[in-house]
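Working notes, structure below.
Basis for what follows: all heavy atoms, side chains included, without hydrogens, waters or symmetry-related copies. A quick note: this is a predicted structure, and the numbers were derived from the prediction, not measured.
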Amino acid sequence: MGSLKKNGLPLLSLALCAVLTVALVRQSAEVGSLRAELAEEHRTEEDLAERLDETDTALKSLQASQNQPPISVSFANPSVNTRDRMLTVDIIAELPDADEYSSTIGFCRVGESYRMAWKIEYLYRNGVGIYMQTVTFPLDLEMGLELRLEDDAVLFSSDSIAELLPVRLNYGGTSWHFDSQGQRLYQCDWGADLMDPAGNEVQALDGEFRVYRNGTLVFTGRQMPDNCNVEADGEILDSVGLDCSPGDRMRLCYACTDAFGLRYEFPIWEQLAMRWDDMEEVPLSRRPTVTWPE
């Protein structure tokens with residue numbers, strides 16, 4: 001009995017110490033976990049507050065921009081000096097700073113800032129708050145153009161100067177039918193509608209429709225006054241049939257000359273001949289080919 005008491009008490013003490021140690025470890029782990037959760041919640045709250053601040057700033061910026069008058073620009077009365085290769089056009093703009101008497105614009109290459117402008121002009125405000133100026137500058141038919149304000153706001157941007165030239169194609173086309181068995185493409189009801197940069201209808205000279213098969217010109221029909229039939233080799237045609245096999249690419253273009261002598265060729269559509277009398281339209285750039293008079 002004495003021996004049990006003598007040996008049992010230390011064993012019991014050791015067991016209690018072990019239990020207390022395990023409990024302490026568990027409690028320390030729980031405390032650490034709680035601290036981590038609290039830290040995470042704190043970080044989450046900070047992130048949320050930061051995102052709310054960013055959203056509020058963006059909203060205020062958007063509201064400020066919406067309160068500003070819109071920026072818009074249009075062009076009118078283009079003329080071309082083919083001898084000196086210069087373009088003259090009226091620029092008409094609505095600008096946010098309607099109280100300013102004049103505004104400076106820079107003529108830039110596409111993507112370049114105002115400070116890189118190769119030409120500077122002033123737009124002057126008229127009695128109704130519209131800014132206008134007639135400008136003349138060298139006409140490079142391959143150039144793009146970007147008009148920027150001093151704060152680098154973009155008034156106009158295009159990779160083709162053709163948008164400012166005297167003639168644009170508003171609409172062009174024909175009715176067509178493809179006979180895959182007979183391997184013929186039939187066209188009729190030719191039509192073309194032209195306009196200037198301001199959207200006004202214009203008339204051009206020497207209008208004609210051209211059809212290319214796989215890049216080779218296979219038909220030219222001169223536009224008639226009725227804007228429906230064409231004339232080819234001295235004969236007036238109300239329809240025409242052209243050789244066309246499945247797999248051929250057929251392109252329709254309209255060519256004309258403006259009052260100043262520039263020659264235009266506008267792509268209208270390009271189609272791939274399929275089986276079963278069908279044709280699939282191929283994506284096509286609408287940018288015209290423009291050439292100087294000889």
* To do: Decide yes or no on side chain to side chain contact (heavy atoms under 4.5 Å, CB included) for Ile105 and Glu121, but give the supporting numbers first.
  => CA-CA 5 Å; Ile105 60 169; Glu121 284 284 353; 4.1 Å; yes
* To do: Considering non-hydrogen atoms only, spot the tightest contact between Tyr186 and Asp179 and give its length.
  => CE1-CB, 4.3 Å
* **Ring center gap for Tyr124 and Tyr131 short of 6.0 angstrom** => no
* Would you check if there is a donor-acceptor pair between the side chains of Tyr264 and Asp258 at a distance under 3.5 Å? => yes
* Which atom pair, heavy atoms only, marks the closest approach of Gln187 to Val211? -> NE2-CG2, 3.8 Å
* Asked: Is any side-chain heavy atom of Phe107 closer than 4.5 Å to a side-chain heavy atom of Val135?
  -> yes
* Would you indicate whether the side-chain heavy atoms of Met274 and Leu272 approach each other to under 4.5 Å? => yes
* Asked: Looking at CE of Met279 and CZ of Phe178, how far apart are the two atoms once the value is rounded to the nearest 0.5 Å?
  -> 6.0 Å
* Beyond-backbone contact of Tyr254 with Tyr171, side-chain heavy atoms, under 4.5 angstrom -> no
* Asked: Are Leu185 and Trp176 close enough, and set up right, to give a side chain to side chain contact (heavy atoms under 4.5 Å, CB included), and what steps lead you there?
  -> CA-CA 7 Å; Leu185 173 65; Trp176 59 267; 4.1 Å; yes
* Asked: For the side chain of Glu231 and the backbone of Ile236, is there at least one donor-acceptor N/O pair under 3.5 Å apart?
  -> no
* Give the cluster check for Met143 versus Val73: same hydrophobic cluster or not, with ILVMFWY residues linked at side-chain heavy-atom distances below 4.5 Å. => yes
* Asked: Under 3.5 Å, is there a donor-acceptor pair between the Asp248 and Asn214 side chains?
  -> yes
* Within-4.5 Å side-chain heavy-atom neighbours: Ile91 and Met132 -> no
* Is the backbone N or O of Asn200 less than 3.5 Å from a side-chain atom of Asp196, with the two atoms forming a donor-acceptor pair by type? -> yes
* Asked: If you draw a 6.0 Å radius around CE in Met86, do more than 12 non-hydrogen atoms from other residues or ligands fall strictly inside?
  -> yes
* Asp233 atom CG, neighbour heavy-atom count above 12 within 6.0 Å -> no
* Asked: What's the verdict on side chain to side chain contact (heavy atoms under 4.5 Å, CB included) for Tyr114 and Thr104, showing C-alpha distance, side-chain angles and the deciding distance?
  -> CA-CA 10 Å; Tyr114 174 88; Thr104 307; 2.8 Å; yes
* **Same apolar cluster: Phe209 and Val240, side chain cutoff 4.5 Å** => yes
* side-chain hydrogen bond (donor to acceptor under 3.5 Å, both in side chains) between Asn229 and Asp238, worked out -> CA-CA 5 Å; Asn229 298 331; Asp238 57 9; over 6 Å; no
* **ILVMFWY network linking Val154 to Phe137, side-chain heavy atoms under 4.5 angstrom** => no
* Output the distance between atom CG (Leu95) and atom OG (Ser72), rounded to the nearest 0.5 Å. => 8.0 Å
* How many angstroms lie between atom CD1 of Ile161 and atom CG of Leu141, to the nearest 0.5 angstrom? -> 9.0 Å
* Asked: Where does the angle between the aromatic ring planes of Phe75 and Phe156 fall among parallel (under 30°), tilted (30 to 60°) and perpendicular (over 60°)?
  -> perpendicular
* **Rounded distance (nearest 0.5 Å) linking atom CG of Leu87 with atom CG of Leu139** => 5.5 Å
* For Asp189 and Thr174, test the side chains for any donor-to-acceptor distance below 3.5 angstrom and give the result as yes or no. => no
* For the atom pair CZ (Arg168) and CG (Asn170), what is the distance rounded to the nearest 0.5 Å? -> 10.0 Å
* Asked: Do other residues, nucleotides or ligands put more than 12 heavy atoms under 6.0 Å from the CG atom of Leu284?
  -> yes
* Consider only side-chain heavy atoms of I, L, V, M, F, W and Y, link residues closer than 4.5 Å, and tell whether Ile92 and Ile71 are in one cluster. => no
* Crowding at CZ, Arg287 (>12 non-hydrogen neighbours, <6.0 Å) -> yes
* Asked: Is it the case that one hydrophobic cluster holds both Leu169 and Leu165, taking links as side-chain heavy atoms less than 4.5 Å apart, direct or via other members?
  -> yes
* Please test Arg85 against Trp292 for side chain to side chain contact (heavy atoms under 4.5 Å, CB included), starting from the C-alpha separation and ending with a verdict. => CA-CA 9 Å; Arg85 299 196 173 186; Trp292 294 103; 3.3 Å; yes
* Look at Arg249 together with Glu270 and state whether they make a salt bridge at an N to O cut-off of under 4.0 Å. => yes
* Going by heavy atoms in the side chains, are Cys256 and Leu194 under 4.5 Å from each other? -> yes
* **Leu262 side chain near Thr257 side chain, heavy-atom distance below 4.5 Å** => no
* **Close side-chain approach of Val80 to Pro166, heavy-atom, < 4.5 Å** => yes
* Between Arg184 and Asp243, does at least one N-O distance fall below 4.0 Å, as a salt bridge requires? -> yes
* **Gly106 to Ile120 - nearest heavy-atom pair and separation** => CA-CD1, 3.9 Å
* Compute whether any side-chain donor of one residue and acceptor of the other, for Ser113 and Asp152, lie under 3.5 angstrom apart. => no
* **Donor on one side chain, acceptor on other, Thr289 and Glu265, under 3.5 Å** => no
* How far apart are the closest heavy atoms of Glu112 and Glu146, and which atoms are they? -> O-OE1, 3.9 Å
* Asked: When rounded to the nearest 0.5 angstrom, what distance separates CZ in Arg148 from CE in Met116?
  -> 11.5 Å
* **salt bridge (Lys or Arg N to Asp or Glu O under 4.0 Å) involving Glu208 - partner list, sequence neighbours excluded** => Arg210, Arg263
* Taking the side chain as every heavy atom from C-beta outward, state whether Ser102 and Leu123 have any pair of such atoms under 4.5 Å apart. => no
* Enclosure of Tyr122 OH (heavy-atom neighbours >12, cutoff 6.0 Å) -> no
